[in-house]
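In what follows, a single structure is set out as structure tokens and then discussed.
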Amino acid sequence: MARTQKQSDHGEETVDKSARQGGRGAASAVQSVDRAVSVLEILARHGEAGVTEIADELDVHKSTAFRLLGVLENRGLVAQAKDRGKYYLGAGVLRLAGAAAVRLDISQEGVPVCRELADELGETVNIAVLDDDAAVNIMQARGTASVTAQNWLGRRTPLHATSSGKVLLAHMPPTLREGLLARSLPRFTERTITGATMLRGELEAVIEQGYGVTIEELELGLAAVAAPIRAHDGKVLAAISVSGPVYRLNSDRLPELTKRTVAAGAELSRRMGYGF
């Protein structure tokens with residue numbers, strides 16, 4: 001009986017020990033991340049710094065600072081001046097900052113354009129950017145006719161079933177686009193395009209026409225039209241869309257809505273430096 005109790009106690013002790021080790025491991029990982037971010041902040045302040053300087057500011061051993069710098073260097077976030085042995089921020093930081101700046105710039109430049117378009121048409125206007133395998137809405141303006149419309153801001157929406165998604169999908173690099181088309185495309189309504197061949201034809205039309213349209217492909221009763229927003233180098237970095245109920249975005253009104261949406265996309269592209 002005593003032996004059984006001892007084994008049980010030993011087992012509990014082992015579990016407790018593992019739990020403690022797991023907790024320490026998680027805390028250590030968080031500490032490492034915090035230190036790595038601190039390294040980037042140090043280099044941002046000083047422009048460049050050596051291992052000893054960084055170790056002193058972090059209050060860690062030089063070997064710890066060296067390991068942190070090695071990881072950051074492997075990811076392109078820091079680089080080393082070989083002649084001086086100093087480290088400085090790498091191109092990877094510029095890449096990350098550039099991606100954030102693009103979103104910020106589009107949001108800022110998009111405010112007056114979206115509000116003007118929403119006021120003019122009375123419908124909901126959104127700006128969406130690519131987020132992995134979906135479109136995410138980063139800017140929204142509502143017109144007078146859309147006071148009861150749902151909020152799309154921050155929502156990730158499927159590329160194949162939304163007008164903005166089709167625009168972004170159509171202008172993707174071919175390899176990336178085909179990889180997404182090879183996946184199973186979920187159906188949301190009877191009008192959702194789920195076949196890769198049919199969707200390719202739709203995307204070709206988007207490129208040829210300069211805009212994308214969806215009618216009840218994501219939700220019953222919802223229609224939308226979207227146009228590309230281009231960066232200074234001509235690459236499509238976002239899409240601007242107008243959406244509303246199908247009884248307002250009908251065949252009689254859709255051509256004018258499309259014309260205004262394309263014009264708004266061109267204006268935003270100009271604001272982003274395209275055409276200069």
Item to check | Evaluation steps, salt bridge (Lys or Arg N to Asp or Glu O under 4.0 Å), between E256 and R253 | outcome: CA-CA 6 Å; E256 179 60 24; R253 193 173 177 227; over 6 Å; no
Item to check | Step-by-step side chain to side chain contact (heavy atoms under 4.5 Å, CB included) determination, S163 to T214 | outcome: CA-CA 5 Å; S163 57; T214 53; 3.9 Å; yes
Next on the checklist: Between R271 and E109, is the salt bridge (Lys or Arg N to Asp or Glu O under 4.0 Å) condition met? List the steps.
Outcome noted: CA-CA 7 Å; R271 288 171 177 250; E109 296 294 341; 3.3 Å; yes
Checklist entry - Under the side chain to side chain contact (heavy atoms under 4.5 Å, CB included) criterion, do K166 and I193 qualify, and how do the steps go? => result CA-CA 11 Å; K166 287 182 181 179; I193 299 174; 4.1 Å; yes
Item to check | Intermediate values then yes/no, side chain to side chain contact (heavy atoms under 4.5 Å, CB included), L68 and L58 | outcome: CA-CA 11 Å; L68 290 169; L58 292 178; 4.0 Å; yes
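The hydrophobic clustering, which links ILVMFWY residues whose side-chain heavy atoms are closer than 4.5 Å, places L176 and L169 together. By the criterion of side-chain heavy atoms lying less than 4.5 angstrom apart, applied directly or through intervening Ile, Leu, Val, Met, Phe, Trp or Tyr residues, L168 is not grouped with I207; the two fall into different hydrophobic clusters. Cluster annotation: L220 and L254 are assigned to distinct hydrophobic clusters (Ile/Leu/Val/Met/Phe/Trp/Tyr, side-chain heavy-atom contacts under 4.5 Å, transitive).
For the atom pair OH (Y211) and CG (L257), the distance works out to 11.5 Å, reported to the nearest 0.5 Å. Between Y87 atom OH and Q80 atom CD the span is 3.5 Å, to the nearest 0.5 Å. Atom CZ of R142 is separated from atom OG1 of T124 by 6.0 Å, given to the nearest 0.5 angstrom. Distance CG/L121 to OG1/T144: 10.0 Å, rounded to 0.5 Å. Atoms CD1 and CE, on I106 and M272 in that order, are 5.0 Å from each other to the nearest 0.5 Å. For the atom pair CD1 of I240 and CD of E267, the computed distance is 10.0 Å after rounding to the nearest 0.5 Å.
Side chain of T162 to backbone of G165: a donor-acceptor contact under 3.5 angstrom is found. Side chain of S164 to backbone of A226: no donor-acceptor contact under 3.5 angstrom is found. For the pair R177 (side chain) and A170 (backbone), a donor-acceptor distance under 3.5 Å is present. In terms of modelled atom types and a separation under 3.5 Å, the side chain of R191 and the main chain of E216 share no donor-acceptor contact. For N250 (side chain) and Y247 (main-chain N/O), a donor-acceptor pair under 3.5 Å exists by modelled atom type. Looking only at distances, a side-chain donor or acceptor of T192 sits under 3.5 Å from a matching main-chain atom of E217.
Put simply, the side chain of I127 does not reach to within 4.5 Å of the side chain of V113, judged on heavy atoms. Put simply, the side chain of L159 reaches to within 4.5 Å of the side chain of L130, judged on heavy atoms. Side-chain atoms of P186 and H160, non-hydrogen and from C-beta on, do get closer than 4.5 Å to each other. Taking the side chain as every heavy atom from C-beta outward, R260 and V242 never approach each other to under 4.5 Å. T52 has its side chain within reach of K62: a pair of non-hydrogen atoms, C-beta onward, lies under 4.5 Å apart. Residues R230 and H171 form a side-chain contact, since some pair of their non-hydrogen atoms from C-beta on lies under 4.5 Å apart. Using a 4.5 Å heavy-atom threshold, the side chains of V129 and V136 count as touching. A 4.5 Å side-chain heavy-atom check between P228 and K235 finds every atom pair outside the cut-off.
The two residues E53 and G50 have their closest heavy-atom pair at OE2-N, 2.9 Å. Across every non-hydrogen atom of V262 and G210, the tightest pair is CG2-O, 4.0 Å. Minimum interatomic distance between L117 and A264 (heavy atoms only, all atoms of both residues): CD2-CB, 3.8 Å. Here the closest non-hydrogen pair linking A65 and V60 is N-CG2, 4.1 Å. Smallest separation of non-hydrogen atoms from L218 and P158: CD1-CG, 3.7 Å. Heavy atoms only, all atoms of each residue included: V125 and C114 are closest at CG1-SG, 3.8 Å.
Screening D132, N137, D131 for a side chain to side chain donor-acceptor pair (under 3.5 Å) involving R156 leaves a single residue, D131.
In R115, the CZ atom is not crowded: 12 or fewer heavy atoms of neighbouring residues, nucleotides or ligands sit closer than 6.0 Å. More than 12 heavy atoms of other residues, nucleotides or ligands lie within 6.0 Å of CG in D233, so this atom counts as buried by the packing criterion.
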Side-chain donor-acceptor distances from residues 33-47 under 3.5 Å, at least two apart:
{"from": "S38", "atom 1": "OG", "to": "D34", "atom 2": "O", "distance (Å)": "2.9"}
{"from": "R45", "atom 1": "NH2", "to": "E57", "atom 2": "OE1", "distance (Å)": "2.8"}
{"from": "H46", "atom 1": "NE2", "to": "E57", "atom 2": "OE2", "distance (Å)": "2.6"}

